[in-house]
Amino acid sequence: MNIIFLGPPGAGKGTHAQKLMNELEIPQISTGDMLRQAIKAETELGILAKGFIDRGELVPDEVVIGIVKERLAQQDCQKGYILDGFPRTVPQAEALSQFAKIDCALNLSLADEVIIGRLSGRRVCLKCGATYHTSTLNGRTDCAACGDELVQRKDDTPETIQNRLTVYAAQTAPLIDYYQEKGMLRTVECTGTVEENHRAVRKALGVE
Ligand code: AMP
């Protein structure tokens, strides 16, 4: 199954994509993680992407389209994949339709007030992509999954969060109508616990 995860920053795309990756044994392809790894490794891509990410803006379409096209051509994507954070604009969705056959776009929906609380307490592992919230870490600063150091993303500060929500509303939310019109959209209201929301995600995908 080839799945797209849509939804605002902080709705839980990464969390549910990682769980599904383990359950369905298909890769999670997070453009955000790929770009953050490129920044950490100081590659040409990372140097280009850094300014956009730190300001909460989108990296140019042609750059992310190129990295996703290359990634989907790899062997481990042939059984299916979960696109987490791509596409984020209509031109990205149109480009994707030229090189991929998507089964379903899952829209994770959540109110802005909840998003701000989630993102400002979020801590991430740059090595394995696991995410945590300060309210459940009890002061712990290393990743329970791989032991690497947990950090606050530079774009998880209040001002940048606000900018990312504005960018989401202007550039990414139109994809909800885009996939609705194609009959590919399913929506999950992510107002419950992670477990409850994940059950709803599985149900919406028909993998109960
Ligand atoms: P995420 O981890 O998905 O929240 O992405 C973090 C940041 O990476 C975004 O705020 C953008 O700056 C950049 N980014 C990730 N995916 C894309 C994309 N599909 N198009 C453009 N920029 C992206």
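First listed ligand is number 1; within each ligand, the first listed atom is number 1.
- Short contacts between ligand 1 and Gln92, defined as distances under 4.0 Å to a heavy atom of the residue, involve ligand atoms 18 (C), 19 (N), 20 (N), 21 (C).
- The two residues Leu175 and Thr89 have their closest heavy-atom pair at CD2-O, 3.6 Å.
- Comparing Arg164, Gln171, Arg88 by heavy-atom distance to atom 1 (P) of ligand 1, the nearest is Arg88.
- Hydrophobic cluster membership differs between Leu185 and Val188, with clusters built from Ile, Leu, Val, Met, Phe, Trp and Tyr side chains linked at under 4.5 angstrom.
- The shortest N/O to N/O separation between Glu57 and ligand 1 falls below 3.5 Å.
- Listed by atom number, the atoms of ligand 1 under 4.0 Å from Thr31 heavy atoms are 15 (C), 16 (N), 17 (C), 19 (N).
- Any N or O atom pair closer than 3.5 Å counts here, and Phe52 shares no such pair with ligand 1.
- Protein heavy atom at the shortest distance from atom 22 (N) of ligand 1 is Val59 N, 3.0 Å.
- Every atom of ligand 1 with a heavy atom of Ile53 under 4.0 Å away is listed here by number and element: 8 (O), 12 (O), 13 (C).
- When only interatomic distances are considered, the shortest N/O to N/O separation between Gly85 and ligand 1 falls below 3.5 Å.
- Remark: Cys104 engages Arg186, Leu205 in a side-chain contact (heavy atoms from CB on, under 4.5 Å) (not counting sequence neighbours).
- Under the side chain to side chain donor-acceptor pair (under 3.5 Å) criterion, Arg122 pairs with Asp156, sequence neighbours left out.
- The distance from ligand 1 to the heavy atoms of Leu35 drops below 4.0 Å at these ligand atoms: 8 (O), 13 (C), 14 (N), 15 (C).
- Taking 4.0 Å as the cut-off, Arg36 counts as a neighbour of ligand 1 on heavy-atom distance.
- When the side chains of ILVMFWY residues are joined at heavy-atom separations under 4.5 Å, either directly or via intervening members, Leu48 and Ile65 end up in a single hydrophobic cluster.
- Here the rule is side-chain hydrogen bond (donor to acceptor under 3.5 Å, both in side chains) with His198, and of Lys203, Lys19, His16 only His16 fits it.
- In the hydrophobic clustering of this structure, Leu6 groups with Ile29; members are Ile, Leu, Val, Met, Phe, Trp, Tyr whose side-chain heavy atoms approach within less than 4.5 Å, directly or through other members.
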**Request:** I would like to know whether Arg123 and Asp142 meet salt bridge (charged side-chain N to carboxylate O under 4.0 Å, His left out); could you show each step before the answer?
**Result:** CA-CA 10 Å; Arg123 297 294 179 270; Asp142 62 328; over 6 Å; no

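- Arg153 NH2, 3.3 Å is the protein heavy atom nearest to atom 6 (C) of ligand 1.
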